[in-house]
Amino acid sequence: MSKERIDLNGKTILVTGSPGFIGANLVLRLLKEMSSGTVVSLDNMNNYYDPKLKEYRLSLIEKAAEVSPVRHIFVQGSIGDKALIEKLFDEYHFDIVVNLAAQAGVRYSIDHPDVYIESNIIGFYNILEACRHNPVEHLVYASSSSVYGGNKKVPFSVDDKVDNPVSLYAATKKSDELIAHAYSKLYNIPSTGLRFFTVYGPAGRPDMFYYSATNTLAKDGTIKIFNYGNCKRDFTYVDDIVEGVYRVMQGAPEKQNGEDGLPLPPYAVYNIGGGTPENLLDYISTLQEELVNAGVLPADYDFEAHRELVGMQPGDVPVTYADSSALEADYGFRPTIGIREGLRKFAQWYAEYYK
């Protein structure tokens, strides 16, 4: 689909889920790149993981905002709060909305289904309703590689059938894509969904494997490696994700009418993934080596003694692998940062943050 070029300078942009991991990095990028405009960050600062990390990321944003020509406003609140969302749209008349707020995590959804419906379904619906009544130039939102479920065909293409989610989290993300399509068709809202593949990097989410494993190893504990290590993940470094989101924000699906005179939905979905699935055991070895290099683990560390191979977890999938060729064709971008470089940056940050 052809794209409507958008110059971000001077725009008013809403980023929900900042100061979450991806949201914070995106806001930092916008504060650096834009020469004028306003960025509003929204997050409920919940305690799904240590809120100190979100406070740390928020402090980085506030520091960057002091020297940026862009105005930054942080609002603490939930996308599940319809009155708040309506108030913000009334007040700021957003040009672009990037919805990254979501209850994340596959395993957490098994025990805490309510928060997924509240944030990922109702919250996203509130955003779409607000975009309907306050037209925006582009709505960009986070989907997830989890929508592919147990797909056997690899690499995963956005043309694949994704009707077999294996977790509630995945089902909510697929629902978001469907509801966005309906709103794009009915109300001509340009929207782009991005299926992220296993994002990692400095100041990431502590529930993600590389981070929780590091916490365990730093305390001389043993890490569990699921499916006996027979997992492959398309790990994507956070800067690559942000680069993808940043480019997509600047190119909205063009509004067009069909032969019946009614709008064709200005709607698109893309994968953003590393494009080279890594064996979990190789990834862990690289992580441990970089933790030794960064001084988090001792030089004579015994890797084998700190690993336990266990079976598959409910809701998990053995392989994720992105075909990101559509993103490359439409936006000239493909992820480039390999796991060695990415994990080195994470290990150096971890050593600094926790020392």
Side-chain angles (χ1 to χ4, degrees), residues 19-22 24-25 28 48-60 63 104-107 196-243 273-313 316 318-321 335-355:
F21 177 34
I22 299 170
N25 282 284
L28 288 168
Y48 167 61
Y49 59 76
D50 184 0
K52 283 199 193 76
L53 258 174
K54 287 190 176 180
E55 287 157 17
Y56 163 78
R57 299 190 202 110
L58 187 55
S59 73
L60 297 181
K63 210 157 135 193
V106 167
R107 290 178 197 134
F196 298 148
F197 281 70
T198 318
V199 191
Y200 73 102
R205 277 181 22 220
D207 63 315
M208 294 294 280
F209 176 76
Y210 71 99
Y211 200 136
S212 63
T214 300
N215 284 339
T216 301
L217 294 169
K219 297 187 184 89
D220 202 34
T222 301
I223 54 172
K224 285 185 162 61
I225 300 173
F226 296 111
N227 203 29
Y228 309 103
N230 299 316
C231 281
K232 285 195 163 186
R233 286 285 175 274
D234 209 343
F235 296 100
T236 318
Y237 189 69
V238 66
D239 290 2
D240 275 335
I241 291 283
V242 167
E243 178 66 32
T276 48
E278 303 286 350
N279 180 287
L280 192 54
L281 288 172
D282 294 341
Y283 183 77
I284 291 162
S285 295
T286 306
L287 172 64
Q288 289 176 314
E289 286 160 18
E290 292 304 332
L291 291 172
V292 170
N293 292 340
V296 176
L297 299 178
D300 60 351
Y301 193 75
D302 181 356
F303 294 162
E304 293 307 319
H306 294 84
R307 298 175 177 187
E308 183 193 348
L309 301 179
V310 297
M312 199 70 160
Q313 287 282 99
D316 250 352
V319 180
T320 66
Y321 182 4
T336 57
I337 299 167
I339 60 166
R340 173 71 64 185
E341 183 187 346
L343 289 171
R344 178 170 300 151
K345 287 178 177 172
F346 165 72
Q348 289 166 345
W349 170 82
Y350 188 94
E352 184 66 28
Y353 184 76
Y354 287 101
K355 76 176 177 199

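- Side-chain N or O atoms of Thr222 include none that pairs as donor or acceptor with a backbone N or O of Glu308 at under 3.5 Å.
- Distance check, rounded to the nearest 0.5 Å: CZ of Arg205 to OG of Ser212 gives 10.5 Å.
- Distance alone, capped at 3.5 Å, is enough to place a donor-acceptor pair between the Asp234 side chain and the Gly274 backbone.
- Around the NZ atom of Lys345, the shell of radius 6.0 Å holds more than 12 heavy atoms that belong to other residues, nucleotides or ligands.
- Under the 3.5 Å distance criterion, the side-chain polar atoms of Arg57 are matched with a main-chain donor or acceptor of Pro19.
- Between Tyr210 and Gly204 the shortest heavy-atom distance is OH-CA, 3.4 Å.
- Note that OG1 of Thr286 is 7.5 Å distant from CD of Glu278, once rounded to the nearest 0.5 Å.
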Does the pair Phe209 and Thr198 meet the rule for a side-chain contact (heavy atoms from CB on, under 4.5 Å), with working shown? CA-CA 10 Å; Phe209 176 76; Thr198 318; over 6 Å; no
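- A pairwise comparison of heavy atoms in Ala203 and Tyr56 identifies CB-CE2, 3.8 Å as the closest pair.
- Closest non-hydrogen pair, Asn215 versus Tyr350, comes out as OD1-OH, 2.6 Å.
- For the atom pair Ile223 CD1 and Thr216 OG1, the distance stands at 7.5 Å (nearest 0.5 Å).
- For Val242 against Ile22, the heavy-atom pair with the smallest separation is CG2-O, 4.2 Å.
- Separation of atoms CD (Gln348) and CG (Leu343) is listed at 11.0 Å; rounding is to 0.5 Å.
- Here the side chains of Leu309 and Phe226 are not in contact, with every heavy-atom distance at 4.5 Å or above.
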Test side-chain contact (heavy atoms from CB on, under 4.5 Å) on Ile284 and Phe303; report intermediate values, then the result. CA-CA 9 Å; Ile284 291 162; Phe303 294 162; over 6 Å; no
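- Cation-pi contact between Lys232 and Tyr283: absent, since separation from the ring centre below 6.0 Å together with deviation from the ring axis within 45° is not met.
- Leu60 CG to Glu55 CD: the interatomic distance, rounded to the nearest 0.5 Å, is 12.5 Å.
- When side chains are defined from C-beta on, Phe197 does not count as touching Ile241, because their heavy atoms never get closer than 4.5 Å.
- Centroid-to-centroid, the aromatic rings of Tyr237 and Phe235 stay 6.0 Å apart or farther.
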In residues 287-296, what donor-acceptor pairs under 3.5 Å come from side-chain atoms, sequence neighbours left out?
unit_1, atom_1, unit_2, atom_2, d
Gln288, OE1, Arg307, NE, 3.4
Gln288, OE1, Arg307, NH2, 2.7
Glu289, OE1, Arg340, NH1, 3.0
Glu289, OE1, Arg340, NH2, 2.8
Glu290, OE1, Asn293, ND2, 3.4
Glu290, OE1, Arg344, NE, 3.1
Glu290, OE2, Arg340, NH1, 2.9
Glu290, OE2, Arg344, NH2, 3.1
Asn293, ND2, Glu289, O, 3.4

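- Considering all non-hydrogen atoms of both residues, Pro206 and Leu53 come closest at CG-CD1, 3.3 Å.
- Contact between Asp302 and His306 at its shortest, heavy atoms only, is O-ND1, 2.8 Å.
- The backbone N or O of Gly311 lies less than 3.5 Å from no partner atom in the side chain of Asn227, so there is not a single donor-acceptor pair.
- By the 4.5 Å heavy-atom criterion applied to side chains, Leu297 and Leu217 are counted as neighbours.
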Check the pair Tyr321 / Arg233 against side-chain contact (heavy atoms from CB on, under 4.5 Å), numbers first and verdict last. CA-CA 7 Å; Tyr321 182 4; Arg233 286 285 175 274; over 6 Å; no
Would you please test Tyr200 and Thr236 for side-chain contact (heavy atoms from CB on, under 4.5 Å) and show each step? CA-CA 6 Å; Tyr200 73 102; Thr236 318; 5.6 Å; no
